[in-house]
Amino acid sequence: MLKVVPLVLFVGAAAFVSTSSLRDTRAEAAFKVPVVTVHASEYAFSAPKSIVGGQTTFRLVNDGKELHHITILKLEQGKTMKDLQAAMKDPNAPLPAWLVPVGGPNAAVPGSTIEATLDLAPGNYVLACFIPSPGGDTPHAAKGMMAPLTVTAPGGVTQAGASFAPTPTPDVHLVLKDYAFAFSKPITAGKHTIHVMNEGPQEHEVIMLKLAPGKHVADFNKWATTGMQGPPPAMPIAGLSGMAKGRTAIFSDDFTPGTYAITCFVSAPDKKMHSDHGMSTEFVVK
Ligand SMILES: [Cu+2]
């Protein structure tokens, strides 16, 4: 009997060593995406001025009373936020060639926190909110809701105060194109991590909605584009703001049974919104 005790201790210690080293390896692999937290209110972002490039999770915390999102815009050809502000003075001007929308969390209801994960190359960017206030059509960006962001080349140095989250592992793919959304498989109840690819040719966005009972996506499209008056026919949940052709991004939603919709409010060359070209769809989660 006594002889057995050391053997048991030895086996136990070996098992402990092997599980703890396994855990370390997994933790290293799983917690590696830096999280950049951005606070939104009327009408400003509180965000870091500079981050390191690569795959990054943007966490949008809506501290305000209105809907807000982050559209992350890459400034090319040496342009600055001033150039963007000048270009925005003409609301009918087409998107300048030096401005590339790359996505971001879209759209957080007051008090909520939503995330989107995307890969950022080094360069100069602007965070902007293009959602208008209720009763108007002036985007928040025109009221000053823009912030410059410098993305630096990864240099192997972790930023002070950086936090990390598990690498998102998508289980569903969603393709955006003119003018449709296509899931790789039906959405079931529970949490899904959705990998989105814009196949273009135009910019597209993902406005993900849980519809109120008896309401349809057409009701939301009308409500959102006629001053957002009265109770919303749908609740926006995590989605992705406008992204150019070829861009990918990842977001997650926890789906409870009900009817959902996806819609896109990007403007087509004919000035109609993509939703008016049929880029709106509903799906039922059982
Ligand atoms: Cu679209």
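We count ligands from 1, going down the list as the structure has it; atoms in each ligand are counted the same way. The shown structure was predicted, so the numbers you read here are calculated from the model rather than taken from an experiment.
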Is it the case that S50 and T150 place a side-chain donor and acceptor less than 3.5 Å from each other?
-> no
Does a side chain donor of either T259 or E282 reach within less than 3.5 Å of an acceptor in the other side chain?
-> no
How many angstroms lie between CE in M145 and OG in S41, if you round to the nearest 0.5 Å?
-> 6.5 Å
Pairs in or reaching into residues 113-147: which pass ring pair (Phe, Tyr, Trp, His ring centres under 6.0 Å), with residues at least two apart or in two chains?
-> Y43-H140, H68-H140
Listed protein N/O/S atoms, distance to the Cu ion (ligand 1) under 2.8 Å | H204 ND1, C264 SG, H274 ND1, M279 SD
Result of checking I250, V196, I72, L240 against L118 for side-chain contact (heavy atoms from CB on, under 4.5 Å) = I72
When rounded to the nearest 0.5 angstrom, what is the spacing between CE in M279 and CD in E205?
-> 8.5 Å
